[in-house]
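Scroll down for the structure; my scribbles are underneath it.
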Amino acid sequence: MTILQNPVSFESLDPGRSRAWPCDQDLCLTCANCSGACPVAGIDDFDPRKIVRMVSMGMADHVASERWPWICTMCGKCEQVCPMGIAIPDMMRRIRSLRARDQIPGILQSGLENALRTGNNLALPKEDFVFILEDVGAEIAEEQGFETFTVPIDKEGANILTTIHNKLVNTHTEDLKHWWKIFHAAGEDWTVAADNWEGTSWGYFTGDDEAMKTMAGRIVENMRRLKARTLLWPE
Amino acid sequence: MNLPERQVVIVGAGVAGLAAADEIARWGVAVTMLEEAPRTGGHASRYSCKALGECVACGACLADERRRRVADRENVTILAGVRISTIENKVGFNIHYEHRNSQEPPGGLKADALLLTTGFQPYDPSDKPYGYRRFPNVLTLLDAEDRLQREGVLTCPSDGRPPERIAFIQCVGSRDSRIGHPWCSKICCGAALRMARLVQYRRPETVVTFFYIDVQTFGKNFQKYYDQTRRQVRMVRAIPGDIVQSEGQRLQLAYFDPDASRATEEPFDLVILSAGIAPNTDNPSLADMLGVRLNAAGFFHPHESDEGRKRSGLFTAGAALGPMSIAESIDSAGKAAWDIMNYLKSNGLSKF
Ligand code: SF4
Ligand code: SF4
Ligand code: SF4
Ligand code: SF4
């Protein structure tokens with residue numbers, strides 16, 4: 001943070017702005033319970049109490065231009081302990097939403113753009129996705145007691161539709177097996193959608209409500225299309 | 001039932017009740033005090049003198065003095081160890097009570113005026129993540145006062161030794177809207193700092209750290225006292241998130257160090273929690289019997305307010321109205337005593 005090097009000019013503060021925020025950060029007592037509970041407090045001097053104060057003083061734009069809001073993991077521990085019940089993770093999202101989309105750090109924005117364009121963060125083509133699922137399914141079928149196992153892709157009328165985290169068809173394919181074997185052993189009627197299967201929604205982390213709406217809408221659409229009764233959305 | 005005539009009944013013999021009884025009795029009016037505890041004095045009498053060679057205006061002796069004065073007043077009757085069972089609030093009050101720990105039969109009283117000085121309930125911090133009631137060396141400020149008064153020095157309950165390192169944690173159960181206590185308890189910053197200074201005065205090598213949000217305390221000469229305090233007590237502007245007990249009953253405090261801008265842990269021998277002032281748990285049933293409403297926090301409305309005036313002859317003073325220091329309670333009681341005398345006089349109930 002560059003606060004000390006570049007002292008704040010009081011003319012730039014706008015406390016009236018706090019009224020336009022969805023959470024009551026102007027109730028903050030500056031007790032630091034949030035900072036004491038935060039698992040990443042201290043990384044590059046990150047301090048949630050300071051962010052809450054800065055926002056309530058009308059310095060949201062200043063905070064938005066800094067690295068701090070992106071250090072937060074959005075875990076919500078701070079909100080749990082805050083004596084004033086201030087919704088700090090919501091506030092972090094709101095701050096992140098103030099940043100130009102091409103200024104979002106890391107792979108968050110490119111992953112999200114992939115998802116909006118292709119239905120998943122990896123831009124994995126449908127044929128490749130189906131191939132990976134069937135390949136993992138074939139591996140399971142080689143195990144004792146799972147000889148009849150197949151992956152029910154795009155099956156209409158199943159009880160459960162499950163979404164897939166992109167890492168499970170990328171670096172963590174082994175982790176698909178646990179769920180699937182439980183479904184099989186339980187005799188569950190389940191399915192996976194071949195399109196728009198992505199379970200993560202990085203608009204949550206980038207503060208992009210529209211993107212979240214789109215991603216959630218696609219899952220709803222899959223539920224309708226496949227006439228599934230129960231949604232399993234483990235993300 | 002034939003009840004003895006009493007002009008003024010005071011419910012609660014803490015410092016506010018005693019101060020009011022002293023004033024009213026001085027004007028020649030008979031007073032009866034009903035107190036639930038076995039003795040008078042209330043929480044105020046748990047504090048001991050914090051003078052550091054010279055007086056620091058803590059107010060503890062004012063409470064003692066009121067108790068002594070009332071004990072000498074012939075027209076004050078004290079019924080301790082009793083619990084009110086019913087109050088009829090008609091023209092005047094009919095009050096019935098029971099003895100809590102004896103076989104004595106229940107009793108009754110008639111009063112022209114009733115003063116509520118029921119004080120407060122100290123907040124019980126068991127639900128906070130500080131190990132209160134689990135770790136022997138975590139005390140509330142009032143627990144620490146009791147130990148100081150009983151033993152003359154402040155020691156660790158685990159081994160009876162004086163603590164090398166003490167932490168004070170402020171605002172425990174106050175300024176906390178999650179538990180419905182959004183108010184500042186007003187007295188704990190001053191009380192904790194006076195305790196810290198006294199311990200250091202008697203044992204200068206004691207290291208004291210004071211975890212706080214902001215210091216809320218007022219009074220004459222406070223700035224001078226506070227400036228001295230800041231030189232001797234380490235002030236950390238953060239409330240710790242957690243305490244764990246390590247080997248040898250040492251307490252490990254987790255907090256965000258604002259100077260170093262990082263989360264940190266630090267060992268202490270004794271942790272003193274400034275547990276806040278909560279409304280007396282009897283307030284709802286008393287309010288119900290009297291047909292008055294409590295404020296949103298659960299304290300009584302002042303009798304001179306619209307909310308408090310609904311029933312005539314009913315008066316309130318002291319921490320029954322909300323957090324108050326000893327000196328403020330005495331002022332509040334003096335005002336109530338004056339209002340009671342005017343009430344008796346204007347209703348032809350007193351020759352005064
Ligand atoms: S939500 Fe962010 S600020 Fe709050 S505790 Fe988690 S990481 Fe820290
Ligand atoms: S815990 Fe809540 S009230 Fe305390 S400093 Fe953090 S945001 Fe402010
Ligand atoms: S006011 Fe407090 S410090 Fe002063 S003499 Fe009385 S008890 Fe002692
Ligand atoms: S007096 Fe001090 S410790 Fe007590 S509630 Fe107020 S600020 Fe907190």
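Throughout, protein chains are lettered first and strands after them, A, B, ... in sequence-line order, and every chain is numbered starting at 1.
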Query raised in the report: Between A:Ala32, A:Ala37, A:Gly36, A:Ser35, which shows the greatest number of heavy-atom pairs under 4.5 Å with chain B?
Result: A:Ser35
**Report entry** Proximity breakdown for A:Ala41 and chain B, heavy-atom pairs closer than 4.5 Å
**Finding:** both
**Report entry** A:Arg96 charged N/C atom sitting above A:Trp70 aromatic ring, 6.0 Å / 45°
**Finding:** yes
Query raised in the report: Among B:Pro258, B:Pro129, B:Ser177, which residue forms the greatest number of heavy-atom pairs with chain A at distances under 4.5 Å?
Result: B:Ser177
Requested in this report: Determine yes or no for a side-chain-to-main-chain donor-acceptor pair under 3.5 angstrom, with A:Trp68 supplying the side chain and A:Asp44 the backbone.
Outcome: yes
Query raised in the report: Can you find a pair of side-chain heavy atoms, one from A:Pro234 and one from A:Trp179, that are under 4.5 Å apart?
Result: yes
Query raised in the report: When the ring planes of B:Phe211 and B:Tyr255 are compared, do they come out parallel, tilted or perpendicular, using 30° and 60° as the limits?
Result: perpendicular
Query raised in the report: Is B:Arg230 close enough and on-axis enough to B:Phe210, meaning under 6.0 Å and within 45°, for cation-pi?
Result: no
**Report entry** Toward chain A, the part of B:Ala254 with a non-hydrogen atom under 4.5 Å
**Finding:** neither
Query raised in the report: With respect to chain B, which residue among A:Cys34, A:Pro39, A:Cys38, A:Cys82 yields the maximal number of heavy-atom pairs within a distance under 4.5 Å?
Result: A:Cys82
